[in-house]
Amino acid sequence: MDMPNPRPGDFRALFDATEAATEQALARPADYLRYRQELQDGLEKELGFFAKCDVQPVPLAVPALQRAELGRLATKMREIVETVVQMYAGGLPELAAFFPAYEGYRPLMVRQLRDWQLFGRFDFMVDRHGVPQFIENNAAMPGGFLSMHRLQRRFLDSAPPMLQVPGMAMEDPAPDRVFVDGIRSMVRGFTAADGAIGVLLDENRKTNELDVILPALARTGLPVVVGPVGALVRGSDGRYRLSAGGPPLVASYNKMRLFGARHSWTAAGRAQGRSFLQAMRENAFLSINNLACVTVAEDKGLFAALRLPEVQAALTPRQRAFVDRHMPQSHLLDAAACLDDGRP
């Protein structure tokens, strides 16, 4: 964005333009609410995903220098997460306490490409000193940024003057192009065989974003099939399909939720996923949003595990300094020992 760049490393100025736009909107509530409804209606007509969202348009203006710095910081965080995931998949016993729900999947965590994480995103906040603090890692390839790109484009085309920031521009390259090119290169990096991408849904039925993910996957030039993970079957040729006579899978795009207490598979979910887990044992197809990404790399326990002595010893001095500066102290809590003002 064509905006004056604040002092490198201090992100407090990042919010100045946002606060100015917010103040203007608060001064003209009727105009703001009218535009908010117009934006909501237009987005819902364009994409069903937004019917589940309550859009509140306020620009977060990120100057080019800060955006580039965030990219560098995110790359460093990603490398650190890769180290922890590799240590967990490699069997480090000390990490079991941080990720007890995933111990059954640990033997099936096999790195199929150069990296564990294919695409991802992150959440961050800025502390009182202007330093970014990463508070969540979303290592499973996100479909969400395809939807948000639609919102960004419509906002830039329609925002009233009170919400505009000089120099606002779309991201480049566009996320949908990054997504399509990335999927295609990942699949061909894994196999040259013919086959389809299978979008697998588990018992959590996370169908949100499919109306934008499916067209994007189709633009890879590969056939796309969708179905419950329980429908996955191994044919007599040793290849996996979602239906008899359907195309064999060269990759799965997993719309699954396995991390945290709310989304861990139930016994029924594990039974439904039996064929998928067997396919992972056989390395039968590329797993996008793989088991390591939808468990360890997404779990908040990872932030506590970063201070484990064994993990600290595996990091470089610069990586340890990064953890201290940009990843907040996190701790495992024992529910029986937690007190609130002296009470359990």
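Reckoned from all heavy atoms, side chains included, excluding hydrogens, waters and symmetry mates.
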Subject >> Residues Glu44 and Lys52 bridged, charged N to O under 4.0 Å >> reply: no
Original post:
Salt bridge between Arg239 and Asp194, side-chain N to carboxylate O under 4.0 Å?
Top reply: no
So, taking the atom named [atom1] in [X] and the one named [atom2] in [Y], what distance separates them when rounded to the nearest 0.5 Å?
X	Y	atom1	atom2	result
Phe322	Thr316	CZ	OG1	11.0 Å
Tyr102	Leu108	OH	CG	15.0 Å
Tyr240	Arg234	OH	CZ	5.0 Å

Do [X] and [Y] have a side chain donor and acceptor closer than 3.5 Å?
X	Y	value
Arg257	Asn204	no
Glu298	Asn138	yes
Gln86	Glu82	no
Ser158	Tyr35	yes
Asn290	Gln112	no
Tyr32	Gln24	no

Determine whether a donor-acceptor pair (N or O, by modelled atom type, separation under 3.5 Å) exists between the side chain of [X] and the backbone of [Y].
X	Y	value
Arg270	Gly273	no
Arg241	Gly246	yes
Glu94	Glu310	no

Subject >> ILVMFWY cluster, Leu33 and Leu151 together (side-chain gap under 4.5 Å) >> reply: yes
**OP:** Using the rule that two of Ile, Leu, Val, Met, Phe, Trp, Tyr join whenever any of their side-chain heavy atoms come within less than 4.5 Å, decide whether Leu113 and Ile197 are in one cluster.
**Re:** yes
**OP:** For the pair Arg154 and Asp157, evaluate salt bridge (Lys or Arg N to Asp or Glu O under 4.0 Å) and give the outcome as yes or no after the intermediate values.
**Re:** CA-CA 5 Å; Arg154 186 173 285 269; Asp157 290 343; over 6 Å; no
Original post:
Could you walk me through whether Arg106 and Glu103 pass the salt bridge (Lys or Arg N to Asp or Glu O under 4.0 Å) check?
Top reply: CA-CA 5 Å; Arg106 197 198 298 223; Glu103 283 295 280; 2.9 Å; yes
**OP:** Grab the two heavy atoms, one from Thr22 and one from Val58, that are nearest each other, plus how far apart they are.
**Re:** OG1-CG1, 3.4 Å
Original post:
What is the ring orientation for Tyr88 with Phe99, classed by angle as parallel under 30°, tilted 30 to 60°, or perpendicular over 60°?
Top reply: perpendicular
